[in-house]
Amino acid sequence: MKGVPGLLRAAATGELPAWACVDARRRRHSQGVARLLGEWADALSLPVPEGERWRAAAWLHDALRLAPPAELLPLVGPGFRELPGGMLHGPAAAARLRADGVTDDGLLLAIEYHTIGHPDFDELGRALYAADFLEPGRTFDPLGRAALRARMPAARAEVVAEIARRRIGHLLRTGRCIRPETIAFWNALVGHAGA
Ligand SMILES: [Fe+2]
Ligand SMILES: [Fe+2]
């Protein structure tokens, strides 16, 4: 396990960096995601520092959720500038963390792509993608999401693929653009990477 910088250790307990921009509702959401990831890390008997890493990513993933897009745009790389304003917070938070000295590439990718999905996600990246969708405070389809939560983390490969299917389905139904990373993520989940 890479050393966990103080910032990540603090985040694992719910202490966000000074640059975070959240309200009480967003804090509750991040707390719910952290609780899920903590439960899953325990159920998987992950080492304590890895559980801490998972909880830190959960607390940090939406740390800039309420920052104005105009403030986030200058933080993100050119590859993200076309994202809808509401999706800039992941890449922007990852950029902030990188600037703060965080070097854990798996954690940074998990946060950067938590709304998009990425074929190079490690276990944490996939778990964060799932927990963000399954967090109990969300109001849509509570029964369907509870059923998926109950299968975590044992059936995580199937559950993450099901969540990706629903999210990509929503993009298709609403006529949205689908990023190549999302398609590559899907292909990786169903075992056809590069096919
Ligand atoms: Fe988010
Ligand atoms: Fe979130």
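R166 is not listed as a side-chain neighbour of H170, based on a closest heavy-atom distance of 4.5 Å or more. Looking only at side-chain heavy atoms (C-beta outward), S30 and L16 stay at 4.5 Å or farther from each other. Inter-residue side-chain proximity for L72 and L75 is flagged as met; some heavy-atom pair is nearer than 4.5 Å. With contacts defined as side-chain heavy-atom distances shorter than 4.5 Å, the pair M87/E82 does not qualify. Here the side chains of L44 and W54 are in contact, with some heavy-atom distance below 4.5 Å.
Considering all non-hydrogen atoms of both residues, W59 and A34 come closest at NE1-CB, 3.4 Å. Heavy-atom minimum distance, A92 versus V76: N-CG1, 3.6 Å. Here the closest heavy-atom approach between residue P91 and residue L83 is recorded as CG-CD1, 3.9 Å. What you find for V22 and L66 is that their closest heavy atoms are C-CD1, 3.9 Å. Nearest heavy-atom pair, F121 versus A110, reported as atom, atom and distance to 0.1 Å: CE2-CA, 3.8 Å. In terms of heavy-atom proximity, A164 sits nearest to L189 at CB-CD1, 3.7 Å.
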Tell me which donor-acceptor pairs under 3.5 Å the side chains of residues 151-161 have, and how far apart each pair is, sequence neighbours excluded?
from : atom 1 : to   : atom 2 : distance (Å)
R156 : NE     : E123 : OE1    : 3.1
R156 : NE     : E123 : OE2    : 3.4
R156 : NH1    : P153 : O      : 3.1
R156 : NH2    : E123 : OE2    : 3.3

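The hydrophobic clustering, which links ILVMFWY residues whose side-chain heavy atoms are closer than 4.5 Å, places L143 and I163 apart. Cluster membership for L148 and F140, using ILVMFWY side-chain heavy atoms within less than 4.5 angstrom, is shared.
Going from atom CG of L60 over to atom NE2 of H114 covers 11.0 Å, rounded to the nearest 0.5 Å. Note that CG of L8 is 8.5 Å distant from OG1 of T103, once rounded to the nearest 0.5 Å. Here the straight-line distance linking atom CD1 of I111 with atom CZ of R96 works out to 14.0 Å at 0.5 Å rounding. The CG atom of L109 sits 9.5 Å away from the CG atom of L124 when rounded to the nearest 0.5 Å. The line from CG of L128 to CZ of R126 is 13.5 Å long, rounded to the nearest 0.5 Å. Atom-to-atom distance recorded for D62:CG and R26:CZ is 5.5 Å, nearest 0.5 angstrom.
Ring-centre distance between Y129 and F185: below the 6.0 Å cut-off.
A donor-acceptor distance shorter than 3.5 angstrom exists from the side chain of T13 to the backbone of A10, with no hydrogens or angles considered. In this structure a side-chain-to-backbone donor-acceptor pair under 3.5 Å is present from R167 to T115.
For T182, the side-chain contact (heavy atoms from CB on, under 4.5 Å) partners at least two apart in sequence or on another chain are I116, I168, I178, R179.
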Show your reasoning for whether side chain to side chain contact (heavy atoms under 4.5 Å, CB included) applies to D100 and W19. CA-CA 11 Å; D100 284 347; W19 46 259; 2.7 Å; yes

Under the criterion side-chain hydrogen bond (donor to acceptor under 3.5 Å, both in side chains), I'd like the reasoning laid out for E135 against H29: C-alpha separation, chi angles, the key distance, then a yes or no. CA-CA 7 Å; E135 191 268 300; H29 164 68; 2.7 Å; yes

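The residues D23 and R65 are annotated as not salt-bridged, no charged nitrogen and carboxylate oxygen being separated by less than 4.0 angstrom. The pair E50-R53 meets the salt-bridge criterion, since a charged nitrogen lies less than 4.0 angstrom from a carboxylate oxygen. Salt bridge status for E39 with R35: absent, with no side-chain N to carboxylate O gap under 4.0 Å. A salt bridge is defined here as a Lys NZ or Arg NE, NH1 or NH2 lying under 4.0 Å from an Asp or Glu carboxylate O, and R55 with E52 fails to meet this definition.
R138 forms no cation-pi arrangement with F133, by the criterion of a distance under 6.0 Å to the ring centre and an angle within 45° of the ring axis.
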